[in-house]
Colleague: 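Sharing a structure here in structure tokens format.
Throughout, a chain's letter reflects where its sequence line sits, starting with A, and its residues are numbered from 1.
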Amino acid sequence: MENSEEKETIELKSRSDLNKRLLTAMLDPEQVIFSNSLFVVLEDKYPKSEWHFLVVPWKDIPTIREVTLDDLELLKMMDMFGREIAYENIGNNSFWMGYHVEPTMYRLHLHVLSTDFCGIGMNSIRHWNSFTTPFFVESERVIQDLEKYGRIDLPSTLQCKNFLATPLKCYKCSHMPKNVNALNKHLLVHKNNC
DNA sequence: GTTCTAGAAC
DNA sequence: GTTCTAGAAC
């Protein structure tokens, strides 16, 4: 008989190990770029773009799905500070800020990244689609939704799964690279033309 | 989140 | 033969 309880325990353990990694980084002065009483700013360990920061609140919120109206002010502060970091480092407005709807690390983190996607960590279809489909929900819209409706309109788990499996498509043009390698080469062309 | 790897795709 | 992807392991 399959021991699903045991399997679940293992999953929870590995899940908490993953969560600890982000918490460990938050507590390591060498990895922290900025911190205040509300959140910490880190550099993503496996950057997907040339610039890739994470704004991580101290409040233990698992994912964007668990965010409520009570968190609106916190999210606004994270958004404001993320914007500052981006202007300071990235400039030219060529950056995105937002959340993965179903991340693998269950501690809320706001991605702040330049839009070149030429980072060393950009090496799978999942990575690409996690930023270029509605799997990625922009910080601005999260705040707007909370202000207007008191809740955030998010894609379902099934929709998320489908978004991650979307065939590769460049978000800057209509090119559809046949694989990740071709995508990375294609992105370099855009980067050099900018 | 990444790394590893078996099997699919080329 | 090599490259690529998806899923398990971590």
Side-chain angles (χ1 to χ4, degrees), chain A residues 1-28 30-33 35 39-67 78 82 85 96-139 154-155 157-171 175-188:
Chain A
M1 195 177 77
E2 202 180 336
N3 194 338
S4 62
E5 207 172 292
E6 189 181 321
K7 197 182 165 204
E8 199 175 314
T9 309
I10 292 166
E11 272 175 18
L12 282 173
K13 185 181 175 293
S14 73
R15 185 181 292 182
S16 78
D17 284 348
L18 285 175
N19 297 345
K20 266 187 217 154
R21 286 184 207 182
L22 209 45
L23 191 58
T24 304
M26 292 171 81
L27 297 170
D28 178 3
E30 286 194 11
Q31 295 187 58
V32 172
I33 292 172
S35 90
F39 53 77
V40 166
V41 180
L42 306 166
E43 255 180 289
D44 194 295
K45 201 176 169 191
Y46 302 92
K48 305 303 180 283
S49 274
E50 209 161 58
W51 298 95
H52 191 171
F53 303 100
L54 301 177
V55 185
V56 195
W58 290 111
K59 184 175 177 184
D60 191 2
I61 306 170
T63 79
I64 194 69
R65 286 202 195 282
E66 286 76 31
V67 165
M78 288 164 64
I85 288 269
W96 287 348
M97 298 206 311
Y99 303 88
H100 286 153
V101 178
E102 296 197 345
T104 35
M105 287 191 291
Y106 292 94
R107 179 175 273 273
L108 188 70
H109 48 286
L110 170 66
H111 291 274
V112 179
L113 75 171
S114 54
T115 54
D116 51 89
F117 290 99
C118 295
I120 50 158
M122 227 311 291
N123 48 35
S124 76
I125 296 169
R126 185 197 156 90
H127 290 152
W128 177 252
N129 284 333
S130 75
F131 288 101
T132 60
T133 69
F135 185 89
F136 183 76
V137 52
E138 289 194 69
S139 173
L154 297 170
T157 296
L158 179 61
Q159 284 174 316
C160 284
K161 201 181 158 198
N162 290 333
F163 285 137
L164 291 180
T166 306
L168 289 174
K169 186 187 171 307
C170 179
Y171 79 91
H175 183 54
M176 295 186 76
K178 66 174 194 278
N179 56 42
V180 180
N181 223 339
L183 170 66
N184 286 335
K185 280 181 187 156
H186 175 77
L187 289 168
L188 277 176

Colleague: Is the side chain of A:K48 donor-acceptor paired with the backbone N or O of A:Y46 at a distance under 3.5 Å, no angle test?
Modeller: yes
Colleague: For A:L22, which contact category applies under a 4.0 Å heavy-atom criterion: base, sugar-phosphate, or nothing?
Modeller: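 A:L22: no heavy atom of the nucleic acid under 4.0 Å.
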Colleague: Looking at residues 99-108 of chain A, who's got a heavy atom less than 4.0 Å off DNA chain B?
Modeller: A:H100, A:P103, A:T104
Colleague: With a 4.0 Å cut-off on heavy atoms, is A:K20 in touch with a base, just the backbone sugar-phosphate, or nothing at all?
Modeller: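 Since no nucleic acid heavy atom lies under 4.0 Å of A:K20, the category is nothing.
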Colleague: Strictly below 4.0 Å: does A:N181 bring a side-chain N or O up to OP1 or OP2 of C:dC4?
Modeller: yes
Colleague: Starting at CG of A:L164 and ending at P of C:dT5, how long is that distance when rounded to a whole Å?
Modeller: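 My rounded result for the distance is 15 Å.
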Colleague: In whole angstrom, what separates A:N179's CG from C:dC4's C1'?
Modeller: 7 Å
Colleague: In this structure, how many angstroms lie between the C1' atom of C:dT5 and the CG atom of A:N184, rounded?
Modeller: 15 Å
Colleague: So A:W96 and A:F136, would you call those rings parallel, tilted or perpendicular, with 30° and 60° as cut-offs?
Modeller: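 Judged by the thresholds at 30° and 60°, the geometry between A:W96 and A:F136 is tilted.
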Colleague: Figure out the CD1/P separation between A:I125 and B:dA8, and round it to whole Å.
Modeller: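 About 17 Å, once rounded to whole Å.
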Colleague: Between P on B:dG1 and CG on A:N129, what's the gap in Å once rounded to a whole number?
Modeller: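 The answer, rounded to whole Å, is 13 Å.
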Colleague: Between A:H186 and A:A182 (side chain of the first, backbone of the second, donor and acceptor by atom type, cut-off under 3.5 Å), is there such a pair?
Modeller: no
Colleague: Counting just side-chain N and O atoms, does A:H127 come under 4.0 Å of either OP1 or OP2 of B:dT2?
Modeller: yes
Colleague: Atom CG of A:L183 to atom P of C:dT5: distance rounded to whole Å?
Modeller: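 After rounding, the gap between these two atoms is 10 Å.
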Colleague: Check the distance between B:dG1's C1' and A:M122's CE and give it to me in whole angstrom.
Modeller: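 From A:M122 CE to B:dG1 C1': 15 Å.
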Colleague: Whole Å only: how far is the NZ atom of A:K178 from the C1' atom of C:dC4?
Modeller: 11 Å
Colleague: Counting only side-chain nitrogens and oxygens, does A:K48 get under 4.0 Å of the OP1 or OP2 atom of B:dT2?
Modeller: yes
Colleague: So, does A:W128 use its side chain to make a donor-acceptor pair with the main chain of A:C170 at under 3.5 Å?
Modeller: no
Colleague: A:H52 and side chain to side chain donor-acceptor pair (under 3.5 Å): which single residue from A:E43, A:K45, A:H111 fits?
Modeller: A:H111
